[in-house]
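Take a look at the structure below.
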Amino acid sequence: MKRLICVLVMLCAITLSACAPAKEDTATQDMPSAQAIRIGIPDDGTNLFRGIKLLEAAGLITVDPNAGYTPQMKDITGALYNVEVVPEPADSLPSTLADFGASAINGNYAIPNNLIPSRDGLIIERQSEGENNPYVNVIAARTADAGSETFKKIVDAYQTQLVAELMLVNYEEIYYPAFAYDANIKMTAEEAKEISAYTSSREGKTVVRVGVCGANNDMWKAVQKNLDDENAGIYIELVEFDSYEQPNAALNAGEIDLNAFQHKAYLNDDATANGYDLTAIGDTLIAPLTMYSARFDSLDALKEAAGASAQ
């Protein structure tokens with residue numbers, strides 16, 4: 001069993017997914033040697049930040065503190081070991097793991113490839129729950145609509161024990177609820193399967209279009225069931241997007257009513273960069289990033305092989 005090292009990332013006030021990422025600046029720290037151990041990280045807008053911070057927490061690189069929780073490749077100020085940081089599409093990192101010394105991989109890609117964080121991880125991004133976590137995933141709305149009673153009912157229907165249990169049963173070690181819940185899980189796999197297949201009619205209901213990325217959205221079936229059980233008269237229509245750049249633009253333009261695909265740090269960064277007037281109205285989940293290796297069984301072994309940086 002690989003040695004597991006959990007790092008508590010101290011988080012300040014500010015969720016996945018399987019979307020096609022946009023390429024970021026692929027420059028790495030200055031002139032790594034030919035023998036540098038390559039470390040893969042996701043290249044997409046929501047996870048590149050976290051990959052860089054995970055390597056910083058692992059003690060492999062240094063990062064400009066002024067970059068906060070949204071560092072780019074240019075903010076890597078040095079390497080403590082002889083490593084080269086290589087951004088790659090998140091969905092390719094499991095299949096190319098043998099080509100790297102290690103890679104930081106999202107749970108929704110790791111688990112299907114038989115990579116289990118608690119068993120195989122060299123280091124796991126450990127996130128605190130609560131409002132001070134910049135990497136907690138959220139439901140976002142246009143700021144002008146943030147006080148909507150309809151939206152409040154949707155947030156309340158999400159932050160329930162039913163959603164928490166479905167999340168933990170269907171997405172074990174991938175997602176964790178970012179709201180209060182009873183850790184004594186009673187839902188069976190068969191019950192989770194039934195809820196994941198839940199269908200509802202939109203007839204006579206207020207339709208709320210929610211932008212999402214990827215296919216891991218069974219939690220919204222539980223949300224819909226909660227709304228129907230309460231006779232809330234709300235129908236959730238999921239709108240799937242292919243890239244992280246699309247849901248915030250669509251929300252800001254009024255093409256959808258809410259979105260739920262991103263963490264707070266990305267929402268704030270994207271809104272500032274593009275002039276979007278968007279607000280987080282409810283926490284949903286946390287999805288820790290984990291570093292895996294096909295060559296090393298511990299972070300210490302990786303560091304020993306890399307050796308101290310000559311920079």
Side-chain angles (χ1 to χ4, degrees), residues 9 11-12 14-26 40-57 63 67-76 85-94 103-111 124-128 133-141 171 174-176 178 210-217 219 238-252 256 258-274 276 278-291:
V9 181
L11 301 168
C12 65
I14 316 227
T15 150
L16 330 120
S17 70
C19 301
K23 282 285 184 182
E24 298 283 343
D25 177 8
T26 57
I41 63 172
D43 70 352
D44 59 83
T46 66
N47 293 304
L48 182 134
F49 310 151
R50 297 168 59 202
I52 293 173
K53 295 297 288 185
L54 185 64
L55 300 193
E56 179 187 36
V63 179
Y69 286 95
T70 57
Q72 302 291 335
M73 292 297 294
K74 63 181 177 58
D75 297 312
I76 298 177
V85 183
V86 184
E88 293 287 343
D91 59 354
S92 74
L93 289 171
S103 291
I105 302 176
N106 299 84
N108 56 319
Y109 296 125
I111 301 293
I124 298 175
E125 173 192 48
R126 185 168 180 181
Q127 300 186 25
S128 65
N133 182 351
Y135 298 138
V136 67
N137 280 30
V138 295
I139 298 171
Y171 304 111
I174 299 176
Y175 299 145
Y176 297 87
V210 180
V212 296
C213 283
N216 298 324
N217 294 296
M219 291 80 72
L238 296 185
V239 181
E240 291 190 13
F241 290 91
D242 295 327
S243 73
Y244 291 122
E245 290 75 21
Q246 296 173 334
N248 282 337
L251 179 57
N252 191 70
I256 55 177
L258 300 170
N259 68 38
F261 76 102
Q262 64 193 323
H263 52 61
K264 293 177 182 177
Y266 181 75
L267 171 62
N268 292 345
D269 191 69
D270 197 38
T272 299
N274 293 288
Y276 300 148
L278 306 178
T279 300
I281 63 170
D283 295 348
T284 57
L285 58 88
I286 55 178
L289 197 63
T290 301
M291 185 191 299

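- Here Tyr276 pairs with nothing under the ring pair (Phe, Tyr, Trp, His ring centres under 6.0 Å) rule; sequence neighbours left out.
- Ile111 is linked by a side chain to side chain contact (heavy atoms under 4.5 Å, CB included) to Ile116, Pro117, Glu173, Ile174, counting only residues two or more places apart in sequence or in another chain.
- Ring geometry, Tyr266 versus Phe261: the interplanar angle exceeds 60°, so the pair is classed perpendicular (tilted spans 30 to 60°).
- Put simply, the side chain of Thr46 does not reach to within 4.5 Å of the side chain of Tyr135, judged on heavy atoms.
- Looking at Val136 and His263, their side chains never come closer than 4.5 Å, going by heavy atoms from C-beta outward.
- Legend: residues meeting side chain to side chain donor-acceptor pair (under 3.5 Å) with Glu56, ordered by chain and number and at least two apart, are Lys53.
- For the pair Asn106/Leu289, a side-chain contact is recorded, criterion being any heavy-atom separation below 4.5 Å from C-beta on.
- Atom CD1 of Ile105 is separated from atom OG1 of Thr290 by 9.0 Å, given to the nearest 0.5 angstrom.
- When all heavy atoms of Leu267 and Ala280 are compared, the pair lying nearest together is CD2-N, 3.7 Å.
- What you find for Pro71 and Gly68 is that their closest heavy atoms are CD-O, 3.8 Å.
- Rounded to the nearest 0.5 Å, atoms CG (Leu258) and CD1 (Ile256) are 8.0 Å apart.
- For Asp75, the side chain to side chain donor-acceptor pair (under 3.5 Å) criterion is met by no residue, not counting sequence neighbours.
- Side-chain contact between Glu88 and Asp43 is absent, with no heavy-atom pair separated by less than 4.5 Å.
- Within the 4.5 Å cutoff, the side chain of Ile41 has no heavy atoms near those of the Met291 side chain.
- Within the 4.5 Å cutoff, no side-chain heavy atoms of Ile286 are placed close to those of Tyr175.
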Margin query: Determine whether Asp270 and Glu245 satisfy the following criterion, side-chain contact (heavy atoms from CB on, under 4.5 Å), listing intermediate values before the conclusion.
Written below: CA-CA 8 Å; Asp270 197 38; Glu245 290 75 21; over 6 Å; no
Checklist line | Verdict with supporting geometry, Val212 and Asn259, side-chain contact (heavy atoms from CB on, under 4.5 Å) | finding: CA-CA 6 Å; Val212 296; Asn259 68 38; over 6 Å; no
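- Remark: side-chain polar atoms of Asp44 are paired, donor with acceptor, to backbone N or O of Asn47 under 3.5 angstrom.
- The two atoms that bring Ala104 and Leu54 nearest to each other are CB-CD2, 4.0 Å, heavy atoms only.
- By the 4.5 Å heavy-atom criterion applied to side chains, Pro87 and Met73 are counted as neighbours.
- Taking CD from Gln262 and CG from Asn248, the interatomic distance works out to 4.0 Å, rounded to the nearest 0.5 Å.
- A distance-only check finds no donor-acceptor pair linking the side chain of Thr272 to the backbone of Asp269 [under 3.5 Å].
- In this structure Thr279 satisfies the side chain to side chain donor-acceptor pair (under 3.5 Å) test together with Thr143, sequence neighbours excluded.
- Residues Val138 and Ile281 form no side-chain contact, since every pair of their non-hydrogen atoms from C-beta on lies 4.5 Å or further apart.
- With sequence neighbours excluded, the residues that form a side chain to side chain contact (heavy atoms under 4.5 Å, CB included) with Ala260 are Ile139, Val210, Trp220.
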